[in-house]
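Note that these values count all heavy atoms, side chains included, but never hydrogens, waters or copies made by symmetry.
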Amino acid sequence: MTVLSTREKLAILSDAAKYDASCASSGAGGRDSLKSRGIGSTEGMGICHSYAPDGRCISLLKILLTNFCIYDCSYCINRSSSNVRRARFTVDEVVRLTMDFYKRNYIEGLFLSSGVIRSPDETMTEMVEVARRLRLDEKFGGYIHLKTIPEASAELVEKAGLYADRLSINVELPTDEGVKRLAPEKRPETIRVSMAKLRSKIEEKAEPTLRTKTRERFAPGGQSTQMIVGADATSDAGILKTSARLYGSYQLRRVYYSAFSPIPDASSALPLRKPPLMREHRLYQADWLMRFYGFEQGEILDGTPDGMLDLEIDPKLAWALRNRASFPLDVNRADKERLLRIPGLGTRAVERILETRRFKRLRLEDVGRLCQSITKVRPFIVADGWSPGAATDAARLREAIAPKPRQLELFR
C-alpha cells in the first residue's frame, strides 16, 4: 500500500467528510483557556463562527479519522464496496493538525467523524483518545464535536462526553424501512437505544452533585443527529414527523438535513438524480417553525396533497396562504404566539413589536422599520391607520408577494 503524506490524507479525509452537515457549534457552553493556562476558547476575542449560506458551519477542522469502513450502506461514498481512495489518520496526526490549524487561526475547533474500521469500539477508542489528548495533553480549550458510533460501548461514549462539547449519532434515514433497505447492516433500534442512553447521561450529569453542588461537564452542547433527504421516497411530512419525534424523545439540540448526492457505482435502489437543494433549505425552515415559532409538525403541511413543502415560497408563508381565515392580525393587540405566525416576522421582530407597543401604538411604517420587508407582512396585519381590506383574500396574493424568479448571472 502506498504511504500517504499527512497532506494527502487531509485532502482525502476532509473531502470525505463534506457530506456530514451536523457540524455547527451553537449551543456549546463557554470554555476559556485563560483559566486552564492552555490554548483555545469557544468564546471571547479572536473566535469567529462562520457559516455557509445553507447553514453549514465552516469554522471547524472537519475531517474523518478514516474513510475505511466495514459497512456497505448504499448511499455512502465511503461504503466498503466503493472504489474510492482510502486513507487513515493516526491519533497523533489529528491532534497535531488541530493544534497547527488553530494556532494559525484557520479554525475554532474540531469536528471528527469516521468510518468504522475493524470494529465500532476500536474506532471509537481512537476518536476518544484524540479528544482526550487535545484536552489534557495540549490543554486545548476550543470546540470539539465527536460523531459517535451507535454500536460502540456505553463506557466509550461516556468518555467521549467528558472531552467533547457536542456528541451526535446519525439516524441515517427518516424511516426504519429506509435504513433496513439501504443500510441493512445497521439497526435502527440500536441507534435509538444509543440516543436514549446519551440523553440519560446528559441529564444525569446536568444535576448538581450532593457533595460539591456543581454540575459535571458532559457534552454541554447536547446531542444532534442527521438524516439524508432524497435517498428514499419519504415525503417532507414524513421527515418532519421523524424530526418531531426525535426532538421530543431525545431532547436533541438539532436535527440536520443533508440532501442526497448521487455517488459513483451507486446501487439501483438509489435515485439517479439528487433532490433540489432548496428542498433541504425548506426543511430547515420548517424545522425552525417547530422549534422557535410554536408550530406543530402536523399543521405545517396540513392541507397539502402530497405532503411536500413548497419550493417556491417559505413554509410559514405557504401555511398562511392556506389559512387566510386566521388573518389579518392586529399588531397592537395580538399575543406573541399569534404574531409569530405572521409571514415576514421573525422572532426578533416580534420581540421588538411587543416591546415597542408598550409605549406607543404601531403604524404600518413602524412595523416596516422593525422587520426586513414589509411587503410580505402587509396583507396579514392590521395596524394604526392600516387595514389590508380584501387583499388578504385576493386570488393573486401569492403572485404579489412571492419572490420573483430571477436570471442567474455568470459574472457579478
Side-chain angles (χ1 to χ4, degrees), residues 20 22-31 36 38 40 42 60 64-66 70 89 91 94-95 98 109-172 186-226 246-247 249-256:
D20 210 317
S22 53
C23 67
S25 56
S26 58
R31 188 195 297 269
S36 64
T42 58
L60 307 176
L64 300 185
L65 183 68
T66 179
I70 61 175
F89 277 128
V91 171
V94 177
V95 172
T98 304
L110 171 68
F111 174 90
L112 183 62
S113 184
S114 183
V116 179
I117 187 167
R118 294 199 182 96
S119 73
D121 276 1
E122 180 171 338
T123 308
M124 196 70 213
T125 297
E126 292 195 11
M127 295 176 69
V128 171
E129 180 62 11
V130 168
R132 188 199 69 80
R133 286 185 51 183
L134 283 170
R135 292 292 189 224
L136 302 185
D137 297 349
E138 302 294 338
K139 308 299 181 187
F140 180 68
Y143 178 80
I144 297 177
H145 182 153
L146 295 183
K147 180 60 65 69
T148 59
I149 301 168
E151 295 82 4
S153 69
E155 292 77 11
L156 284 170
V157 175
E158 182 170 355
K159 287 182 180 179
L162 298 177
Y163 306 120
D165 292 284
R166 176 173 286 181
L167 300 176
S168 55
I169 302 172
N170 282 359
V171 296
E172 308 292 349
K186 294 186 176 179
R187 299 173 60 193
E189 55 272 21
T190 301
I191 297 172
R192 288 193 290 271
V193 167
S194 298
M195 294 175 76
K197 288 180 178 178
L198 183 52
R199 174 192 172 173
S200 296
K201 185 60 65 174
I202 291 172
E203 291 176 345
E204 173 192 328
K205 297 293 185 180
E207 292 296 322
T209 62
L210 290 175
R211 185 171 61 85
T212 65
K213 306 299 182 184
T214 59
R215 293 174 174 84
E216 295 183 60
R217 188 178 183 90
F218 184 90
Q223 66 168 318
S224 59
T225 193
Q226 174 178 318
L246 291 171
Y247 281 125
S249 300
Y250 308 111
Q251 298 296 301
L252 299 185
R253 288 292 180 89
R254 289 288 300 273
V255 174
Y256 290 86

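For the atom pair CG (L167) and CZ (R253), the distance works out to 11.5 Å, reported to the nearest 0.5 Å. For the atom pair CG (L112) and NE2 (H145), the distance works out to 10.0 Å, reported to the nearest 0.5 Å. Taken to the nearest 0.5 Å, the OG atom of S194 stands 12.0 Å off from the CG atom of N170.
E158 is linked by a side-chain contact (heavy atoms from CB on, under 4.5 Å) to K201, K205, F218, counting only residues two or more places apart in sequence or in another chain. By the salt bridge (Lys or Arg N to Asp or Glu O under 4.0 Å) test, R132 is found to be paired with E129, D137, residues two or more places apart in sequence or in another chain being considered. A search for salt bridge (Lys or Arg N to Asp or Glu O under 4.0 Å) contacts involving K159 returns nothing, not counting sequence neighbours. R192 pairs by the salt bridge (Lys or Arg N to Asp or Glu O under 4.0 Å) definition with D176, not counting sequence neighbours. Under the side-chain contact (heavy atoms from CB on, under 4.5 Å) criterion, A131 pairs with I144, L146, Y163, sequence neighbours left out.
Side-chain contact check for Q226 versus V255: every heavy-atom pair is 4.5 Å or farther apart. Residues K147 and F111 are in side-chain contact: their nearest non-hydrogen atoms beyond the backbone lie under 4.5 Å apart. Contact of the T225 side chain with the L246 side chain is registered, since non-hydrogen atoms from C-beta on lie closer than 4.5 Å.
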Checklist line | Verdict with reasoning, I70 to R118, per side chain to side chain contact (heavy atoms under 4.5 Å, CB included) | finding: CA-CA 7 Å; I70 61 175; R118 294 199 182 96; 5.7 Å; no
Next item on the list: Verify side chain to side chain contact (heavy atoms under 4.5 Å, CB included) between E216 and E207, making sure each step is shown before the conclusion.
Entry: CA-CA 8 Å; E216 295 183 60; E207 292 296 322; over 6 Å; no
Next item on the list: Please report the C-alpha distance between R133 and E138 in whole Å, then the side-chain angles of each, then the deciding distance to 0.1 Å, and finally whether the salt bridge (Lys or Arg N to Asp or Glu O under 4.0 Å) criterion is met.
Entry: CA-CA 6 Å; R133 286 185 51 183; E138 302 294 338; 5.2 Å; no
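Between M127 and S113, the shortest heavy-atom distance links the atoms CE-CA, 3.9 Å. Scanning both residues, V95 and V130, for their nearest heavy atoms gives CG2-O, 4.0 Å.
In R187, the CZ atom is not crowded: 12 or fewer heavy atoms of neighbouring residues, nucleotides or ligands sit closer than 6.0 Å.
Of the possible donor and acceptor atoms, one in the side chain of Q223 sits under 3.5 Å from a partner among the backbone N and O of M195. Side chain of S114 to backbone of L64: no donor-acceptor contact under 3.5 angstrom is found. In this structure, the side chain of T123 engages the main chain of S119 through a donor-acceptor pair within 3.5 Å. The backbone N or O of S224 sits nowhere less than 3.5 Å from a side-chain atom of R166 that would complete a donor-acceptor pair. No donor-acceptor pair under 3.5 Å is formed between the side chain of T98 and the backbone N or O of L110.
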All N/O donor-acceptor pairs, side-chain side in residues 148-157, below 3.5 Å, sequence neighbours left out:
| unit_1 | atom_1 | unit_2 | atom_2 | d |
| --- | --- | --- | --- | --- |
| T148 | OG1 | S168 | O | 3.0 |
| S153 | OG | L156 | N | 3.4 |

